[in-house]
2 protein chains.
Amino acid sequence: MSSRGVRHDSMRARNLAVVLATIHRSGPHTRAALAERTGLTKTTVSSLVADLIEAGVVTESGAVRGGERGRPGVAVSLSGHRVAALGLEINIDYLAACVVDLTREVRLRRVRPADNRNSDPARILEGLRDLVKEVTAEAEADGLRLAGAALAVPGTVEGGVLRSAPHLGWRDVRVADLVDPPFAIDNEANLAALGELWFGSRQPDFLYVSGEIGIGAGLVVEGTVFRGTFGLAGELGHVVVVPDGPVCRCGGRGCLEVYAGQDALLGELASVGELVARLESGDGRAVRACERAGHALGVALTSAVHLLDPGEIVLGGIFAPLFRWLEGPVSEGLRARLGQMRGAPPALAVSGTGGDAAVLGAAGLIIQQILAEPARLLDL
Amino acid sequence: MSSRGVRHDSMRARNLAVVLATIHRSGPHTRAALAERTGLTKTTVSSLVADLIEAGVVTESGAVRGGERGRPGVAVSLSGHRVAALGLEINIDYLAACVVDLTREVRLRRVRPADNRNSDPARILEGLRDLVKEVTAEAEADGLRLAGAALAVPGTVEGGVLRSAPHLGWRDVRVADLVDPPFAIDNEANLAALGELWFGSRQPDFLYVSGEIGIGAGLVVEGTVFRGTFGLAGELGHVVVVPDGPVCRCGGRGCLEVYAGQDALLGELASVGELVARLESGDGRAVRACERAGHALGVALTSAVHLLDPGEIVLGGIFAPLFRWLEGPVSEGLRARLGQMRGAPPALAVSGTGGDAAVLGAAGLIIQQILAEPARLLDL
DNA sequence: GGATTATGTACAGATTATGGACTAAAGCGA
DNA sequence: TCGCTTTAGTCCATAATCTGTACATAATCC
């Protein structure tokens with residue numbers, strides 16, 4: 001609980017957010033419908049909507065007839081023409097950026113291939129800065145105002161500081177400070193979960209499992225990402241599957257990653273595409289690797305379901321193209337192990353976003369912030 | 001996000017809560033100090049404090065000199081004399097109740113031994129109703145007004161309905177409806193975690209591990225219990241320790257409970273006291289059982305730390321008296337398995353509450369509600 | 001075209017916080 | 001002891017915001 005008292009302007013800020021959230025959640029509304037939904041009076045809603053229009057987050061979008069009789073209302077809907085969010089991602093082999101407007105339309109996408117393994121943070125951040133400049137200029141030329149930016153990184157983040165990104169070879173990098181204006185940073189898996197929420201037409205409760213070189217997970221409960229105490233929650237890749245199994249790069253033993261990480265799945269194959277090809281041709285070794293991974297995932301997800309209680313489980317990253325082969329072993333494992341503890345195990349689904357859930361989710365985080373505090377756009 | 005607009009009275013309700021929370025968190029304050037802390041004006045604070053005094057949640061408690069000079073202020077502190085909360089618990093072999101006032105003073109405790117295994121819900125609830133009547137009468141004779149009640153049950157709770165309590169033999173019991181006024185219900189482990197927060201002088205971030213016949217856990221993040229999507233989070237007892245281990249009563253295999261549940265620990269011994277005695281005398285079998293349990297706990301907690309990211313781990317219930325013998329294996333397991341993933345594993349601590357963390361936590365839940373919405377006390 | 005119905009705005013009134021003036025109560029210094 | 005300074009708490013006029021009623025507007029129904 002914030003310990004600051006609230007004043008008149010906080011009340012208005014809150015009401016602006018309530019009206020905007022209603023439009024966002026349930027589509028265009030007339031002012032009258034908004035008044036009914038929010039419990040505010042028509043007068044107040046009119047005044048709030050006027051402010052939201054001025055802030056550029058909503059527009060009037062034509063007449064609607066409510067019942068059969070009476071004066072038709074004017075629909076107020078989210079506006080995609082003024083305000084947008086910038087999503088960024090640093091990953092092992094690329095930098096990516098995207099611009100998403102308030103209607104969730106992806107307005108711009110940029111991917112720059114790069115080899116960032118064991119790289120120098122300063123050099124990569126220089127490249128990121130360039131990318132930001134380029135994309136910002138293009139967005140502004142499009143008439144968009146970028147209300148904020150967020151960055152996805154393949155590592156653990158604590159209070160805006162990148163603590164450890166083993167594959168990049170980075171430790172304790174204060175990424176946010178190096179770019180102006182400073183932006184939000186979060187773990188790839190957390191943001192991919194948000195990406196799934198915003199762009200994969202998901203229900204607001206699920207566990208997104210991100211298969212990359214490592215395996216991460218982001219839990220979304222009631223539309224927000226659960227981060228734990230230090231922001232380190234969701235490290236599904238190191239859940240114990242076999243207590244005295246092979247040593248993992250984390251120092252533990254028998255972690256999920258050992259059985260279902262990219263390296264374990266691909267073996268000597270060069271890419272996921274190749275693995276899929278082998279699977280389709282019924283190659284025994286590939287099928288066995290996939291079954292082993294599915295089995296391990298079933299075990300780890302059983303623990304995860306007991307501890308996190310997700311509404312649904314979504315497989316993303318490299319698990320998405322492999323879903324056909326993973327689904328069976330994973331869901332059987334869950335069903336058998338969860339037993340009578342719950343009615344039925346959470347449903348298993350494929351990720352609805354393409355490979356770029358994380359960048360999109362980064363933009364989604366900013367959109368979430370805008371929707372939560374539209375008043376900030378008015379102060380500037 | 002609630003979708004209801006806020007009005008003047010919500011603003012005031014919020015400010016009442018802010019002032020009260022400040023006093024609760026940081027002890028007695030003068031009105032001037034409250035004004036500074038909350039950012040409200042002295043005028044507003046005076047008016048809010050007047051309401052809080054009327055509601056009976058705070059009192060003036062003597063003069064305090066702030067600096068060296070100037071008129072001394074009047075300290076405003078929590079009042080334990082009017083408002084209190086009722087905590088209740090149904091467990092395998094007893095019914096319990098307690099009354100706790102706003103200063104966290106336990107004003108009343110009642111435990112009624114009973115054999116509730118495989119019992120008839122209606123009969124037990126009858127007994128609970130009697131207990132409530134008795135305790136309510138005593139509290140009222142003491143001048144206390146019970147602002148609400150909450151009930152801890154050894155089972156899973158979903159939206160006020162007790163879904164499944166295997167040891168009681170209950171399924172789908174609508175407990176809340178059967179008592180008037182209806183009260184909040186939650187899982188024993190979740191409420192024990194709150195009990196630990198309120199009465200064990202804990203930091204606001206920890207995972208409370210409740211060793212009873214089953215093993216549960218309640219995660220507290222920033223002072224609130226994490227419940228997951230359906231309120232089923234924290235089922236530590238069924239986290240997988242050995243994927244093809246012995247069958248557990250839940251239907252799974254190799255669950256933590258199989259290795260560290262009460263039955264596994266006690267073997268043929270009749271009570272935890274007896275086990276402690278054996279351990280103290282160095283009985284080999286007892287020591288080995290304890291080591292095995294500690295090892296299994298280390299494995300399950302490793303998964304829990306990766307997924308939940310708790311600030312600290314608190315062992316309660318039957319694990320509390322066994323802490324001396326469990327601490328070593330558990331913390332070694334955590335240290336070895338967590339490896340380089342985090343700076344250091346979360347600290348391991350014993351529960352600070354006695355055996356009745358759950359009842360106390362039930363009362364704590366209500367106190368939390370009062371502190372969050374003091375305005376409700378004024379409306380009546 | 002007039003009655004009916006629903007939308008959206010205008011204006012007075014209510015609620016609550018603010019800010020400066022004022023009163024109260026203590027110590028300090030002469 | 002008296003006045004000065006300092007801090008606490010209250011009073012009152014003002015400002016921000018929401019409410020509620022009245023009203024103008026725009027559609028359908030007959």
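The sequence lines fix the lettering, A, B, ..., with proteins before strands; numbering per chain opens at 1.
- Nucleotide dG9(D) holds its P atom 14 Å from the CG atom of L48(B), rounded to whole Å.
- Comparing G70(A) and G39(A) against DNA chain D, the residue whose closest nucleotide sits nearer the 5' end is G39(A).
- Of the listed nucleotides (dT16(C), dT25(D), dC11(D)), dC11(D) has the atom at the smallest distance from the side chain of T43(B).
- The side chain of T44(B) approaches dA17(C) more closely than any other nucleotide in the set dC18(D), dA17(C), dA25(C).
- H24(A) and W198(A) have parallel rings, their planes meeting at less than 30° on a 0 to 90° scale where 60° marks the start of perpendicular.
- At the phosphate of dT10(D), OP1 or OP2 sits under 4.0 Å from a side-chain N or O atom of S46(B).
- If you check dT9(C), dT7(D), dC18(D) against the side chain of R71(B), the one that comes closest is dT7(D).
- Here dA16(D) presents its C1' atom at 14 Å from CG of L16(A), a figure rounded to the nearest Å.
- R82(A) has no carboxylate O lying under 4.0 Å from a charged side-chain N of E54(A), or vice versa, which leaves the two without a salt bridge.
- When the P atom of dA16(D) is taken as reference, atom CG of D9(A) falls 10 Å away, rounded to whole Å.
- One can place NZ of K42(A) at 11 Å from C1' of dA22(D), the figure rounded to the nearest angstrom.
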Which donor-acceptor pairs under 3.5 Å do side chains of residues 365-373 of chain B form with protein atoms, sequence neighbours excluded?
| from | atom 1 | to | atom 2 | distance (Å) |
| --- | --- | --- | --- | --- |
| Q368(B) | NE2 | G223(B) | O | 2.9 |

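- Atom CZ in R7(B) sits about 17 Å away from atom C1' in dA16(D), given to the nearest Å.
- Contacts of V74(A) with the nucleic acid, taken as non-hydrogen atoms under 4.0 Å apart, involve only primed sugar atoms and P, OP1 or OP2.
- Atom-to-atom, CZ of R4(A) to P of dT18(C) comes out at 11 Å; the value is rounded to the nearest Å.
- Atom-to-atom, CG of L378(B) to P of dT16(C) comes out at 11 Å; the value is rounded to the nearest Å.
- Side chains of F206(B) and L197(B) form a contact here, defined as non-hydrogen atoms less than 4.5 Å apart.
- Not a single donor-acceptor pair, N or O on each side, falls under 3.5 Å between the base of dT16(C) and the side chain of H8(B).
- One N or O on the side chain of D101(A) and one on the backbone of T103(A) form a donor-acceptor pair closer than 3.5 Å.
- Atom pair R69(B):CZ and dA25(C):P shows a separation of 20 Å (rounding to whole Å applied).
- When V6(B), V18(B), N15(B) are each tested for a side chain to side chain contact (heavy atoms under 4.5 Å, CB included) with V6(A), only one passes: N15(B).
- A distance-only check finds no donor-acceptor pair linking the side chain of N187(A) to the backbone of V157(A) [under 3.5 Å].
- Comparing V6(A) and E60(A), the nucleotide of DNA chain C nearest to each residue sits closer to the 5' end for E60(A).
- Of the residues in residues 28-38 of chain A, those lying under 4.0 Å from DNA chain C by heavy-atom distance are T30(A), R31(A), A32(A).
- With hydrogens and angles disregarded, no donor-acceptor distance shorter than 3.5 Å links the side chain of T59(B) to the backbone of S61(B).
- Proximity of N15(B) to the phosphate of dA17(C): a side-chain N or O atom is located under 4.0 Å from OP1 or OP2.
- Distance from the side chain of L40(B) is smallest to dT18(C) among dT5(C), dT18(C), dT16(C).
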